[in-house]
Amino acid sequence: MDTKHLLRVLGYFVSLVMLSGQVVADPFYGSVSALAGVSDNSRKTEHNKKSEEQNQYNLNLGSDWENSLVDFHLGYGAIAKTFSEDSQQERRQLEGGSSLLIGREEQPVSLMLEHSRITLLNSPDSINLTENQDEKDDFSVRPTLRQRLSPVDYLVLNGDFSRINYLESDIKDSQRKGGSLVLDHRFSLLDRLQVYAQQSEIEFKHLPGSDYTYRSAGITYSVKLRKLSYSATVGSNKTIPELGKEYSNPSYTLDLAYDAGGQKIGLNASKVLTDTSANAGNIMVDTDLPVSGSKNTPDQIEKASYGINWSSLAVCNGCTLFAGAKHTRDDYLDQGADAIEQSWSAGMRYALSAATNIAVQFAGSNHKYSSVIIGSAYKLQTSQLEYSYQISRGLSANALLKKEKRYGDERAVSYAEAYAGAGLNYKF
């Protein structure tokens, strides 16, 4: 299903939402913004630097509707980038996602429709220029049947029909068809236990020799308290390719969130078999694995990821401190190579007055690859200072200063870039 058909389907269901009962939350919202700035190294090169005016225009639209029949969320951003000296290709991008759930968890039948569009690099070690970017478009249909076995036990049958398309490198396009059987036991309103078994068939449109079957089984325990929530999954997963070697390894996921007294802490860990088309995991139980730069050709991956993030409102009056770190390892099973990416960020947002805010952020990442087939090692450091002023209820102005430095081995491109810009943003 292409984007036009998706929007048409979503339009039909938006009408259904409006006719089916009371709507809560924010039906419509959005913003438009323009940012004009100057880069002193528009091609991000070490030599022959060129200064250039670079502009960006954004249109963001969102919606949150909920009633007794459906739960609908939409958030998309259209982005246009222009370059005065034509240093890069001008690009129009769509980012964001939408979800529509028809039926509720306690009902015997439900249907989930999901769509997402993200921008990512076409290779893990590419320089972040528009010609090195690709867009990944993901649409899925997930029907669910539930049979109540007892007041606290449900037998759940999930289907999964999805397709993944890349706008530039369509060799990674894939389709997934499968299902899972879940025994869901509710200990209370706050915690539950799920035992699941799953099988999916993954097909690559242009390289059928890369097709494979994915099987997994495991157990998930999740808790939702007032301040603390967490979910942990342990199990095993296996890939059976059309050609080549089978892989079978343990799998796990952990997601923990704590929110109390102005302090927020998040922890996550995961390990799962997937591929370079999905690159975010195959498991159909609740997971949220990160998406990193993709490889140019289909390959099976064992992805391991660990992350932590923290924010606090309690350190000083009117300020928010935040920090985070992540470690990801991708083992390319067919290539016999691996990629390790480590990143961190820290910063502060401070309200100088009711209308004036200032934010500062520092970030860094280290990228290592065991083979040049995957990429060439490099490090990236960024620092950013942003000032914003609320002119009126919906209109604000901002100024931005940003520095970026990248350096690596002899095969990697190193550069330093400074950017200064100012813009307007209107929320409606």
Side-chain angles (χ1 to χ4, degrees), residues 1-15 17-18 23 25-39 42 52-66 71-100 113-122 128-139 164-168 291 349 355 357 359 361 384 386-402 419-428:
M1 180 180 292
D2 60 26
T3 303
K4 290 183 179 179
H5 290 144
L6 169 68
L7 294 176
R8 185 179 299 170
V9 170
L10 291 177
Y12 291 151
F13 283 110
V14 166
S15 301
V17 174
M18 298 177 67
V23 174
D26 297 323
F28 296 104
Y29 53 88
S31 66
V32 291
S33 64
L35 177 67
V38 176
S39 166
S42 56
E52 177 189 56
E53 180 183 335
Q54 299 180 351
N55 302 321
Q56 181 170 315
Y57 308 93
N58 291 60
L59 171 62
N60 300 304
L61 297 175
S63 179
D64 293 297
W65 290 352
E66 181 181 358
D71 191 355
F72 175 72
H73 301 278
L74 179 147
Y76 288 102
I79 305 169
K81 299 178 180 179
T82 63
F83 306 90
S84 64
E85 302 295 330
D86 298 324
S87 68
Q88 299 182 43
Q89 300 173 4
E90 294 193 359
R91 193 175 183 98
R92 309 290 187 268
Q93 298 169 321
L94 178 68
E95 296 183 346
S98 57
S99 66
L100 174 66
L113 303 176
E114 288 186 301
H115 174 259
S116 67
R117 175 78 69 86
I118 63 171
T119 300
L120 68 167
L121 295 175
N122 55 25
N128 190 19
L129 304 173
T130 58
E131 59 261 37
N132 294 333
Q133 295 174 355
D134 203 345
E135 292 180 66
K136 177 180 176 234
D137 192 276
D138 193 342
F139 178 72
I164 298 173
N165 288 341
Y166 286 80
L167 271 65
E168 303 292 339
V291 177
R349 291 183 291 270
N357 289 271
Q361 179 172 326
Q384 179 174 303
E386 184 173 11
Y387 171 89
S388 62
Y389 177 73
Q390 195 73 33
I391 301 173
S392 62
R393 183 178 179 181
L395 181 64
S396 62
N398 68 300
L400 176 68
L401 295 175
K402 184 177 180 180
Y419 175 89
L424 292 173
N425 180 75
Y426 178 75
K427 294 182 179 180
F428 54 86

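Please read all numbers here as calculations on a predicted model, not as lab measurements. The basis for the numbers below is simple: all heavy atoms, side chains too, and nothing from hydrogens, waters or symmetry mates.
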>> Quick one, E168 with R91, criterion salt bridge (charged side-chain N to carboxylate O under 4.0 Å, His left out). Give me CA distance, side-chain angles, the key distance, then yes/no.
In response: CA-CA 12 Å; E168 303 292 339; R91 193 175 183 98; 3.7 Å; yes

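- The line from CD1 of I118 to CD of Q93 is 11.5 Å long, rounded to the nearest 0.5 Å.
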> Would L120 and Q133 count as a side-chain contact (heavy atoms from CB on, under 4.5 Å) if you check the C-alpha gap in whole Å, the side-chain angles of each, and the deciding distance to 0.1 Å?
Replying inline: CA-CA 6 Å; L120 68 167; Q133 295 174 355; over 6 Å; no

>> What verdict does the side-chain contact (heavy atoms from CB on, under 4.5 Å) test give for R117 and L167, after you've listed the backbone C-alpha separation in whole Å, the side-chain angles of each residue and the deciding distance to 0.1 Å?
In response: CA-CA 10 Å; R117 175 78 69 86; L167 271 65; 3.8 Å; yes

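- The closest side-chain donor-acceptor pair between E52 and Q88, if any, does not fall under 3.5 angstrom.
- No side-chain donor from either of D138 and S116 sits under 3.5 Å from a side-chain acceptor of the other.
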> For V32 and N425, what are the C-alpha separation, side-chain angles and deciding distance, and is it a side-chain contact (heavy atoms from CB on, under 4.5 Å)?
Replying inline: CA-CA 6 Å; V32 291; N425 180 75; over 6 Å; no

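- Surrounding CZ of R92 are more than 12 heavy atoms belonging to other residues, nucleotides or ligands, all under 6.0 Å away.
- A donor-acceptor pair shorter than 3.5 Å can be found between the side chains of Y76 and S98.
- One side chain, N398 or E386, offers a donor N or O that lies under 3.5 Å from an acceptor on the other.
- Atom OG of S392 sits about 12.0 Å away from atom NZ of K427, to the nearest 0.5 Å.
- Using cut-offs of 30° and 60° for the angle between ring planes, the W65 and F28 rings count as perpendicular.
- Closest approach of L401 and A420 over heavy atoms only: CD2-CB, 3.6 Å.
- Taking CG from N122 and CD from E135, the interatomic distance works out to 12.0 Å, rounded to the nearest 0.5 Å.
- A397 approaches I391 most closely through the heavy-atom pair CB-CD1, 4.0 Å.
- In this structure, S33 and Y426 have side chains that are not in contact, with every pair of non-hydrogen atoms separated by 4.5 Å or more.
- Under a 3.5 Å cut-off, the side chain of S84 and the backbone N or O of E53 do form a donor-acceptor pair.
- Counting heavy atoms from C-beta outward, Q54 and V38 have side chains that stay 4.5 Å or more apart.
- For the residue pair E90 / T82, no side-chain donor-acceptor distance below 3.5 Å is found, with atom types taken as modelled.
- In plain terms, the two heavy atoms of Q390 and L395 that are nearest each other are NE2-O, 3.5 Å.
- Note that the CZ atom of R349 and the OG atom of S388 stand 10.5 Å from one another [nearest 0.5 Å].
- The shortest heavy-atom contact between N55 and G37 is OD1-N, 3.7 Å.
- Considering only heavy atoms from C-beta on, L61 comes within 4.5 Å of F428 through its side chain.
- A heavy-atom distance below 4.5 Å is not found between the side chains of T119 and L94.
- Considering D134, L129, T130 in turn, L129 is the only one that fulfils the side-chain contact (heavy atoms from CB on, under 4.5 Å) rule with N132.
- Within the model, atoms OH of Y419 and CD of Q384 stand 10.0 Å from one another, a figure rounded to the nearest 0.5 Å.
- Y29 and D64 form a side-chain donor-acceptor contact under 3.5 Å, judged by distance and modelled atom types alone.
- Here the CD1-CG distance, from I164 to D137, works out to 10.0 Å after rounding to the nearest 0.5 Å.
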